[in-house]
Novice: 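Attaching a single structure in structure tokens format; questions to follow.
Within every chain, numbering begins at 1; the chains are lettered A, B, ... in the order of the sequence lines, protein sequences first and strands thereafter.
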Number of protein chains: 2
Amino acid sequence: MENQTTEDIIFEAAYQEFIEKGFEGARMQSIANRAGINKALLHYYYRTKDKLFEAVVPKIIQQLPIGINNILENNNPFEIKIEQIVRFYLNFLKNNPQILQFILRELLTGPDRLAKIFSLVIDKNGNNLVSKLAQMIRKESEAGKIYPISPEHLLTNIISLCVFPFIGRFLIEKIVLNNFEISYEEFIYKREKEVVTFILRALKP
Amino acid sequence: MENQTTEDIIFEAAYQEFIEKGFEGARMQSIANRAGINKALLHYYYRTKDKLFEAVVPKIIQQLPIGINNILENNNPFEIKIEQIVRFYLNFLKNNPQILQFILRELLTGPDRLAKIFSLVIDKNGNNLVSKLAQMIRKESEAGKIYPISPEHLLTNIISLCVFPFIGRFLIEKIVLNNFEISYEEFIYKREKEVVTFILRALKP
DNA sequence: GTCTATAATGTGATAGAC
DNA sequence: GTCTATCACATTATAGAC
């Protein structure tokens, strides 16, 4: 669509700049260049760098795939659901490593800046989802279908196994993969099956 | 010891500043204040901020506990070694969360800056250790004592499970723990046993 | 070696013409 | 709305006295 408003164009440019470089690394001049307009116009539409950031961040955070309700609510057995969730997240991360890197970088550089915005977006959808997952885990556990693990630790384990290789890519490459004849791409490709197997094996009663 | 040279005092001050705020967040003025000396002296001893950073970083990286040779070379069975390693790393991270946060923050903000220094420090000790670990895993796997898992994935799993809760503390707190009546401290306290159990269960043949 | 003063630069933000 | 020119400030780095 060619009838984008100037405001939209600025928003898009800022989105790219912030997600690539983070708040501290982003430059108003660079955003203006991306948008093909003048620096003063940024301030005309968004007053300050902070306001511009606050406008863009929700768009970034909302892409965290918290919409896996369809998996949770289908009729597949627990093991299949776990597998579907792991595969869904790993694929999301494979295709959007930038989003998670952005969030982590902001939390490590200026936690307060992100915290406010984050709470607003997450509290509505996220907690609901997590409590559904927790309930599901508790039910399976009490029925003896998996070994009795605390839901919060199982969820943390799943998140850790999925997420870390993407935010710690450099560490994995330099420390681990360096010793094997395997590229990062191959490694990630095989990881889906490895993680699913690992988790399901651990859960067997 | 009271006979610290000025250079040492500056080094200590810079160490604190960099590990707390990262390269981009650190301020030469703040380092001078910590050291109780003048800003110009920093440049007298270390010429530039970059040089000062390069002087300090190896001290930080070397604290990564790559010295677990004693665990690897004792005569305990595989399961016990895994348990010892996990407990060792988790305790290290519990007592030194700053170090890992520093490394991750630098990798997410200015990868090139850290990469050079990192390679120099790691290549000597780290790879040796990882290849020993990999060999151990392969041996157990071939002897049928654990299920056949690729060493690189098992090592990544162990690292992920140990490390992520410390660098993603905010995410764990807001997304996961928020739904349970449990504090982060409690969570970390119980995690040691949970992670060991999880890994060993997954590995059973 | 250590200080004060100041240069040199980069960056967010504003004034004011059109 | 959009531009040019400029301010105001922070920050690294250097000059030069002592």
Novice: Would B:E152 and A:K190 pass as an ion pair if we require N to O under 4.0 Å?
Specialist: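 No, B:E152 and A:K190 are not salt-bridged.
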Novice: Roughly how many Å is it from CD in B:Q29 to P in D:dA10, rounded to a whole number?
Specialist: 12 Å
Novice: Could you work out which one of D:dT14, C:dG1, D:dC3 sits closest to the side chain of B:A40?
Specialist: D:dT14
Novice: In whole angstrom, give the distance that lies between atom CG of B:L41 and atom P of D:dT14.
Specialist: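 After rounding, the gap between these two atoms is 14 Å.
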Novice: Can B:K59 be said to sit on top of B:Y15's aromatic six-ring, NZ or CZ under 6.0 Å from centre and within 45° of the ring axis?
Specialist: yes
Novice: Going by the rule salt bridge (charged side-chain N to carboxylate O under 4.0 Å, His left out), which residues pair with A:E73 if we only count those two or more places apart in sequence or in a different chain?
Specialist: A:K132
Novice: Would you mind reading off the distance between B:L42 atom CG and D:dA15 atom C1', rounded to a whole angstrom?
Specialist: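 Taking atom C1' of D:dA15 as the reference, CG of B:L42 is at 17 Å.
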Novice: Quick one: salt bridge (charged side-chain N to carboxylate O under 4.0 Å, His left out) partners of A:R138, sequence neighbours excluded?
Specialist: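 Salt bridge (charged side-chain N to carboxylate O under 4.0 Å, His left out) list for A:R138, sorted by chain: empty.
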Novice: Which whole-number value in Å describes the distance from B:N38 CG to D:dA17 P?
Specialist: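 Spelled out: CG on B:N38 to P on D:dA17 is 17 Å.
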Novice: Please report the distance, rounded to the nearest Å, between CZ in B:F53 and C1' in D:dA13.
Specialist: 19 Å
Novice: Which pairs would a plain distance check flag for residues 95-103 of chain A, meaning a side-chain donor or acceptor within less than 3.5 Å of a matching protein atom at least two apart in sequence or in another chain?
Specialist:
unit_1: A:N95; atom_1: ND2; unit_2: A:N91; atom_2: O; d: 3.1
unit_1: A:N96; atom_1: ND2; unit_2: A:F92; atom_2: O; d: 3.0

Novice: Report, one pair per line, the protein and nucleotides 7-11 of chain C atoms (nitrogen or oxygen only) whose separation is under 3.5 Å.
Specialist:
unit_1: C:dT11; atom_1: OP1; unit_2: A:R27; atom_2: NE; d: 2.5
unit_1: C:dT11; atom_1: O5'; unit_2: A:R27; atom_2: NE; d: 3.4

Novice: Sequence neighbours excluded, which residues qualify as side chain to side chain donor-acceptor pair (under 3.5 Å) partners of B:R191?
Specialist: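 So B:R191 forms a side chain to side chain donor-acceptor pair (under 3.5 Å) with A:H153, A:N157.
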Novice: Round to a whole Å and report the spacing from CD of B:Q4 to P of C:dG1.
Specialist: 16 Å
Novice: Residues in salt bridge (charged side-chain N to carboxylate O under 4.0 Å, His left out) with B:E83, at least two apart?
Specialist: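 For B:E83, the residues satisfying salt bridge (charged side-chain N to carboxylate O under 4.0 Å, His left out) (neighbours in sequence not counted) are B:R87.
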Novice: May I ask you to evaluate whether A:T48 reaches the phosphate of C:dG12, defined as a side-chain N or O under 4.0 Å from OP1 or OP2?
Specialist: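 Indeed not, no polar side-chain atom of A:T48 lies that close.
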Novice: A:Y45 has an atom OH; how far is it from atom C1' of D:dT2, in whole Å?
Specialist: 8 Å
Novice: Please check the phosphate of C:dA13 (OP1 and OP2 only) for any side-chain N or O of A:H43 closer than 4.0 Å.
Specialist: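 Indeed, a polar side-chain atom of A:H43 lies that close.
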Novice: Does a nitrogen or oxygen in the side chain of B:Y44 sit under 4.0 Å from OP1 or OP2 of C:dC3?
Specialist: no
Novice: Would you kindly give the CG-to-P distance between B:N33 and D:dT11, to the nearest whole Å?
Specialist: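 For the pair B:N33 CG and D:dT11 P, the rounded distance is 12 Å.
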